[in-house]
Amino acid sequence: MTTPRLKLTNTLTRQKEEFTPLDPANVRMYVCGPTVYDFAHIGNARPVIVFDVLFRLLRHVYGADRVTYVRNITDVDDKINARALRDYPDLPLNAAIRRVTEKTAGQFHKDVAALGCLQPTVEPRATEHIEGMIAIIARLVDKGHAYEAAGEVLFRVASMPDYGQLSGRNLDDNIAGARVAVDSHKENPADFVLWKASSAEEPGWDSPWGRGRPGWHIECSAMSEAFLGTQFDIHGGGLDLIFPHHENEIAQSRCAHGTPVMANYWMHNGYLQVEGRKMSKSEGNFVTIHDLLETDAFGGRAWPGDVLRLAMLMTHYREPIDFSRARLEEAENRLAGWQRAASAAESGAVPDPSAIAELADDLNFSRVATVLDGLARAANRGEPAAAASLAATLGFLGLSADSLIRSSTADDGAIAAKVAQRLAALAARDFPTADALRSELAAAGIALLDYKDPETGEKRTKWEVRR
């Protein structure tokens, strides 16, 4: 089988490039994970799904035992720290933080598993790497890239001539704005915090600069170095992380270790909005992964994880995505069609090489979907090899081959009666009743397909359980 040539769009160079790992026997990827203060929202799901697909592709190309995927958990956060100190004053700080974040981290793992995501190779917590952060900061101070001022240790951006390469921002752009704090004790307004002092009432760790806590950016520099080294292959995350987070990671890591790059390829997924608006609690459209999977908080029903995953993948990862009920319904219908076609598949097939080749072109899922449509048509014509290849390709993509159509314990007689009631309402032109019955069935996971009998011309309805 021909190995596909993997091409990725590199934010650092603004170009699509052929991927060449530093070491094909140890392909290394780091992706910024969640801050486990609260349940993860649907925007957090997008990078998890995108880079899970890339992880699967890298394992396919280079071998499962030759890919190291690190996705961190950020549990060093002022809100988490304060809650830990308040709720567990008698425990050591790290133990108190672990107690506070057990529920949210556990829910995150449950949610992303339902979305079909593999566990990363390593999932470090920031609290486990405080010593590594302190070591990097000390190295930066010794090299003149950082300085102490007003109880903080700050990175000196002027010490790095090409600071801003990832975001395309120069120092003049950084005087104010986008999450850059402008303080009088800074040598340059763009200088950013590596370590900040903690008062007696605030949580903190001992350091050469006194008791304090790390800045946000230094955490990922320490965790990536611990598991991937000072230079690795791919660093990923959401578009919102390019500046200042990823820009500052690069500055810290390169200046501390004297490396020409931190990661050779930087990949970023696009923004997500909900029903045409930016997601926020003030807009009333803030929705968590848990809400989507297990409650009726979005669209009046819960949604299968496979459907959420496909809804994310249908838009190219670099493009913005509008998350809506209509989008979920489209994904559900398309996935159900693939699953019906794959239902007669025998085991033993491998993913379709054409689908893999399309995915290798910067994760172009829309062209993969076209391949899946072709396999479904062939399977529906009675070609068993196509059905088997379709099922294997769905599995490779993290999508079940039968989740929406597998047998249900639902009362078929009761469902059939509801369907008949709806048809009678349609015949009587009682559309409000018909719509209400369709909504009731949809909320129970029953999909309806209206059609005309080819012989009699009468309106009929097919239905299937999709949960």
Side-chain angles (χ1 to χ4, degrees), residues 26 28-38 40 44 47-48 51 55 67-110 112-113 117-140 153 193-198 202-232 235-237 241 245-246 248-249 252-253 256-257 262-263:
N26 183 21
R28 288 163 286 167
M29 177 171 70
Y30 184 93
V31 176
C32 292
T35 299
V36 287
Y37 178 72
D38 204 348
N44 300 138
V48 175
F51 291 102
F55 181 39
V67 180
T68 303
Y69 172 24
V70 179
R71 185 185 67 215
N72 75 293
I73 285 181
T74 295
D75 57 356
V76 175
D77 174 89
D78 282 351
K79 291 180 180 179
I80 294 173
N81 296 346
R83 184 183 292 175
L85 187 66
R86 181 194 69 206
D87 293 350
Y88 304 101
D90 298 328
L91 289 179
L93 181 56
N94 281 12
I97 286 173
R98 180 62 67 100
R99 190 73 63 85
V100 165
T101 59
E102 275 178 350
K103 179 179 180 181
T104 47
Q107 187 63 51
F108 173 75
H109 290 138
K110 181 180 177 182
V112 298
C117 296
L118 302 172
Q119 274 285 98
T121 314
V122 187
E123 192 176 49
R125 285 175 172 256
T127 47
E128 299 166 349
H129 293 272
I130 301 296
E131 290 184 5
M133 299 174 205
I134 291 172
I136 294 174
I137 296 170
R139 199 175 298 127
L140 290 168
V153 182
V193 174
L194 300 169
W195 189 264
K196 49 191 172 183
S198 292
E202 293 176 316
W205 292 264
D206 292 332
S207 82
W209 315 283
R211 185 171 169 276
R213 56 207 191 277
W216 174 34
H217 315 301
I218 196 67
E219 299 175 15
C220 289
S221 286
M223 288 184 280
S224 63
E225 179 191 348
F227 296 101
L228 303 177
T230 58
Q231 190 172 342
F232 51 95
H235 195 314
L241 296 181
H245 185 50
H246 287 170
N248 291 347
E249 277 188 59
Q252 296 160 166
S253 295
H257 305 301
M262 179 186 183

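No hydrogens, no waters, no symmetry mates; every other heavy atom, side chains included, goes into these values.
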Tell me the closest heavy-atom pair linking [X] and [Y], and the distance in Å.
X	Y	answer
P214	I218	CB-CG2, 3.6 Å
G212	S198	CA-OG, 3.4 Å
G236	F51	CA-CZ, 3.5 Å
Q252	S221	NE2-OG, 2.8 Å
L140	A256	CD2-N, 3.5 Å
G204	R211	N-NH2, 3.4 Å

Within the distance-only criterion (no hydrogens, no angle test), does the side chain of [X] pair as donor or acceptor with the backbone N or O of [Y] below 3.5 angstrom?
X	Y	answer
T68	R28	no
T104	T101	yes
R213	A197	yes

Rounded distance [0.5 Å steps], CD1 in I136 versus OG in S253: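 Interatomic distance, I136 CD1 to S253 OG, rounded to 0.5 Å: 5.5 Å.
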
Straight-line distance of C117 SG to H109 NE2, nearest 0.5 Å: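 Here the rounded value is 11.5 Å.
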
Is any side-chain heavy atom of [Y] closer than 4.5 Å to one of [X]?
X	Y	result
W209	L194	no
V48	F108	yes
M223	E128	no
C220	C32	yes
P120	V70	no
N94	W205	yes
M133	E219	yes
R98	Y88	no

E131 atom CD, neighbour heavy-atom count above 12 within 6.0 Å: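 Not more than 12 within 6.0 Å, no.
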
Short side-chain donor-acceptor distance under 3.5 Å, N248 and W216: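 On atom types as modelled, these side chains do not qualify, holding no pair under 3.5 Å.
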
Flag for D75-T127: side-chain donor and acceptor within less than 3.5 Å: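 Checked: T127/D75 side chains pair up, N/O donor to acceptor below 3.5 Å.
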
Stepwise side chain to side chain contact (heavy atoms under 4.5 Å, CB included) check, L93 with L85: CA-CA 7 Å; L93 181 56; L85 187 66; 5.5 Å; no

I130 vs V76, side chain to side chain contact (heavy atoms under 4.5 Å, CB included): CA-CA, chis, key distance, verdict: CA-CA 9 Å; I130 301 296; V76 175; 4.1 Å; yes

Matching residue for H246 among H217, H235, M262 - test: side-chain contact (heavy atoms from CB on, under 4.5 Å):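 It is H235; the other options fail the test.
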
Derivation and outcome, side chain to side chain contact (heavy atoms under 4.5 Å, CB included), residues T74 and Y37: CA-CA 9 Å; T74 295; Y37 178 72; over 6 Å; no

R71 vs Q119, side chain to side chain contact (heavy atoms under 4.5 Å, CB included): CA-CA, chis, key distance, verdict: CA-CA 9 Å; R71 185 185 67 215; Q119 274 285 98; 4.2 Å; yes

